[in-house]
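Everything on this sheet refers to the single structure shown next.
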Amino acid sequence: MLRIKKLDIFIAKQFGLLFLGTFFICQFVLMMQFLWRYVDELIGKGLSLEVLAQFFWYMGLMLMPQAFPLAILLSSLITFGNLGESSELTAIKAAGISLMQAMRSLIVIVCMIACCSFYFQNVIGPDANKSFSQLLLSMKQKSPELEIPEGIFYDGIPGCNLYVQKKEVGTGMLYGVMIYRMNGSYEDAAIILADSGKLQSTAEKKHLLLTLYSGEWFENMQSQDIAGSASVPYRRETFGTKQIVLDFDGGFNMADVAGISADARSKSIGKIMHDLDSIRHFNDSVGHSFYNDAKRTAFSMPAVGRADSLRAVAEARSDTMNIDSVYLRLSPEDRQRAVKAALNSVQMYASELDMKGDYMKGLNRNVRTHQIEAIGKVTLALSCVIFFFIGAPLGAIIRKGGLGVPVIISVLVFIVYFIFENSGMKMARDGVWTVWFGKLISTAVLTPLAVFFTYKANNDSVVFNFDIYRSIFCSLLGIRQKRHVYRKEVIINDPDYAADAAMLEKITLDITEYSRCHNLLHAPNPISVFFREGDDRRIREISVELEAVIEDLSNTRDKVILTELNRYPIMATHAHTRPFRNKWLNATVGILLPLGVFFYLRMLRFRLRLLRDLRVVRAANDALVARIAEMGNGNAGRH
């Protein structure tokens with residue numbers, strides 16, 4: 001039977017408060033980032049507070065599912081970071097409660113949030129997206145003259161640049177109007193000056209009607225036919241009122257409500273699955289229609305009788321048949337006309353194929369867009385659970401609360417997720433990758449990380465101990481590590497100086513004997529290094545004995561001995577014999593010649609370093625033995 005314990009309530013409260021705060025922070029950041037895309041639609045429009053409120057309301061509903069994963073990641077990381085920093089997590093584990101048991105209440109909460117995220121995307125999100133698009137379209141069509149800035153040239157209208165010195169928002173009047181219009185080429189440029197004017201949308205919302213008052217029209221006439229007989233290079237027209245119809249498809253793509261409803265983002269999963277059948281059926285019908293057209297035109301076969309077919313086959317099999325003879329019998333004019341006709345036919349068919357190919361790419365892109373949107377609703381909800389199993393274990397591992405380290409880690413994880421998610425989505429949308437691969441690549445990358453961090457945190461494994469990674473890195477590159485022996489504040493047992501001195505003298509003799517038997521300046525046989533077993537156990541025994549003496553002498557109060565102890569190098573007892581301890585790994589490296597050369601040179605370097613280390617050890621041994629003897633004589637003199 002499931003029992004709710006006080007610990008579950010305590011952790012749930014900690015997480016709940018942080019989740020609310022981080023959610024509003026993430027929502028605000030996402031809304032500000034989204035707002036920059038439409039800031040030009042809001043500034044200078046004269047929109048009422050009601051319209052602005054609807055704009056931000058629909059925007060917030062659209063962005064809520066995206067804010068859930070980031071808020072869960074940040075809040076879970078801070079929650080368990082605070083528990084670890086205040087040693088509460090240590091007390092929980094000391095009571096026999098594992099990390100997974102401590103997280104069970106939050107797992108239920110996060111699963112509920114993931115379900116809410118899916119509900120928002122599948123039910124509320126499509127309606128919010130549709131309403132947002134309709135509101136944005138209405139805002140664009142409300143006052144088209146407000147799109148035009150004051151004091152600078154506006155090139156948003158195709159074919160002309162428009163300059164307005166001043167405009168009135170209330171009346172829609174434009175003052176000090178200058179238009180530089182391109183009718184065909186640079187030689188046909190027209191300049192229109194007007195005292196004032198007014199810009200309005202036409203009834204079909206696909207053109208702009210510009211009414212100008214008290215102005216002049218200057219137009220170049222050099223490239224027109226009339227200029228060939230006229231003595232003036234341009235014409236000048238003075239008008240009191242003039243109306244000009246302007247195309248405005250670039251900034252005013254007036255898609256109707258039906259077009260907005262056809263967008264995949266405005267559909268639920270059920271609607272997407274229903275419409276995909278219709279879209280695929282339509283695409284297949286278009287493909288069959290294009291195929292039938294191609295059979296009738298480019299790939300059409302002329303009607304040939306049986307007798308003609310048999311005669312053509314017989315002539316083709318004969319050695320005297322020459323296809324080019326028919327072309328060569330033509331006159332030069334007929335040859336030129338035949339080549340030109342064939343070239344025009346090929347160019348026409350190529351252009352037609354390009355046009356149909358682009359159209360089919362658009363149709364297939366529509367199918368992929370619907371599939372991406374359907375899969376994205378599930379993967380975005382699933383990312384809430386994945387981010388929790390990344391954030392909570394990381395918080396338990398790093399044990400840092402607050403908004404410092406957790407924010408940095410959350411941003412890094414979210415950047416990785418964002419890069420894979422957007423890259424996969426674009427690749428899938430463009431048809432470079434399959435839809436399933438493109439949309440699931442971010443989930444496939446983060447899920448192993450979540451499993452790894454959860455496993456490590458549940459078993460109290462060390463993940464972010466940078467000293468371990470630094471030690472591995474230094475060992476791989478052969479970077480020497482320094483010894484640090486400090487004076488201890490509390491010493492329980494004093495060193496046994498006599499036994500340590502005797503051991504140091506023995507180690508000195510062993511080093512001398514080792515140096516005589518092993519010529520470290522001699523390069524060993526590569527076959528023995530990579531393909532035979534063997535290890536230098538004697539130097540390992542010497543190192544173990546030396547470390548035991550150093551550990552015992554580190555309890556001394558004598559500063560001279562502590563200084564000499566820090567002179568001892570940390571000896572590498574294996575790297576001078578072979579790259580790895582595993583026989584098959586050494587053989588594999590030896591077969592791969594570039595790696596084998598690298599590790600062989602690395603081994604030679606460690607042999608030279610060991611030779612220098614043995615010399616330093618002997619010198620330090622002599623100095624310590626002398627110092628211990630001096631201390632013994634001093635103590636005997638005092639007695």
Side-chain angles (χ1 to χ4, degrees), residues 1-29 60 64-121 124 380-411 413-414 446-447 449-461 463-464:
M1 181 178 178
L2 181 62
R3 296 173 56 188
I4 300 177
K5 299 182 180 180
K6 291 184 178 180
L7 178 62
D8 298 330
I9 299 175
F10 171 74
I11 296 179
K13 285 183 178 179
Q14 297 286 327
F15 175 80
L17 295 175
L18 289 171
F19 176 76
L20 292 177
T22 54
F23 172 75
F24 286 112
I25 294 175
C26 297
Q27 181 78 354
F28 176 78
V29 172
M64 280 184 67
Q66 300 181 26
F68 282 142
L70 185 56
I72 289 175
L73 174 65
L74 187 56
S75 58
S76 60
L77 210 157
I78 295 176
T79 298
F80 283 89
N82 289 334
L83 292 177
E85 190 174 19
S86 60
S87 300
E88 292 175 327
L89 190 60
T90 304
I92 291 172
K93 292 182 178 180
I97 302 174
S98 65
L99 181 64
M100 293 301 296
Q101 290 177 330
M103 292 193 307
R104 62 181 184 178
S105 61
L106 299 188
I107 293 176
V108 175
I109 294 175
V110 169
C111 291
M112 294 173 61
I113 295 175
C115 294
C116 292
S117 174
F118 179 78
Y119 177 80
F120 265 91
Q121 296 178 81
I124 300 178
L380 189 57
L382 184 62
S383 65
C384 296
V385 181
I386 296 175
F387 276 16
F388 171 75
F389 282 103
I390 292 177
L394 279 179
I397 292 172
I398 62 176
R399 301 192 177 189
K400 293 289 184 181
L403 292 175
V405 177
V407 171
I408 297 175
I409 296 177
S410 300
V411 169
V413 173
F414 192 77
L446 293 183
T447 300
L449 289 178
V451 174
F452 173 75
F453 289 136
T454 303
Y455 173 79
K456 288 295 185 179
N458 194 47
N459 292 284
D460 294 329
S461 300
V463 179
F464 293 102

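The structure displayed is predicted, hence computed values, not measured ones.
- Taking the side chain as every heavy atom from C-beta outward, I9 and S105 never approach each other to under 4.5 Å.
- Closest of all the heavy-atom pairs between L99 and N458 is N-OD1, 3.5 Å.
- Counting heavy atoms from C-beta on, the side chains of F388 and L73 never come closer than 4.5 Å.
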Exercise. Run the side-chain contact (heavy atoms from CB on, under 4.5 Å) check on F80 and F15 step by step: do they pass?
Worked result: CA-CA 9 Å; F80 283 89; F15 175 80; over 6 Å; no
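- Put simply, the side chain of Q27 gets close to the backbone of G60: a donor and an acceptor are under 3.5 Å apart.
- Interatomic distance, CD1 of I109 versus CD1 of I72, reported as 10.0 Å (0.5 Å rounding).
- Closest non-hydrogen pair, G96 versus Q101, comes out as O-OE1, 3.9 Å.
- Put simply, SG on C116 and CD on Q121 are 11.5 Å apart, with the number rounded to the nearest 0.5 Å.
- F453 has its ring centre no less than 6.0 Å from the ring centre of F389.
- Between atom CG of residue L20 and atom CD1 of residue I25 there is a gap of 11.0 Å, rounded to the nearest 0.5 Å.
- Between T454 and M100, some side-chain heavy-atom pair lies under the 4.5 Å cut-off.
- Going from atom CG of D8 over to atom CZ of R104 covers 4.5 Å, rounded to the nearest 0.5 Å.
- Rounding to the nearest 0.5 Å gives a distance of 10.0 Å between CD of Q66 and OG of S383.
- Ring planes of F19 and F68: parallel class, angle under 30° (limits at 30 and 60°).
- Heavy-atom minimum distance, T79 versus L18: OG1-CD1, 3.2 Å.
- Heavy-atom minimum distance, T22 versus S75: OG1-CB, 3.6 Å.
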Problem set entry | side-chain contact (heavy atoms from CB on, under 4.5 Å) assessment of F452 paired with I390 | CA-CA 9 Å; F452 173 75; I390 292 177; over 6 Å; no
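- Scanning all heavy atoms of the two residues, the minimum distance from C384 to V110 falls at O-CG1, 3.7 Å.
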For this session: Take I398 and L77, measure what side-chain contact (heavy atoms from CB on, under 4.5 Å) needs, and give me the verdict at the end.
Result: CA-CA 9 Å; I398 62 176; L77 210 157; 3.7 Å; yes
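- Residue I97 holds its CD1 atom at 5.0 Å from CG of L7, rounded to the nearest 0.5 Å.
- Contact between A71 and F23 at its shortest, heavy atoms only, is CB-CA, 3.6 Å.
- At a threshold of 4.5 Å between non-hydrogen side-chain atoms, the residues L380 and P69 count as touching.
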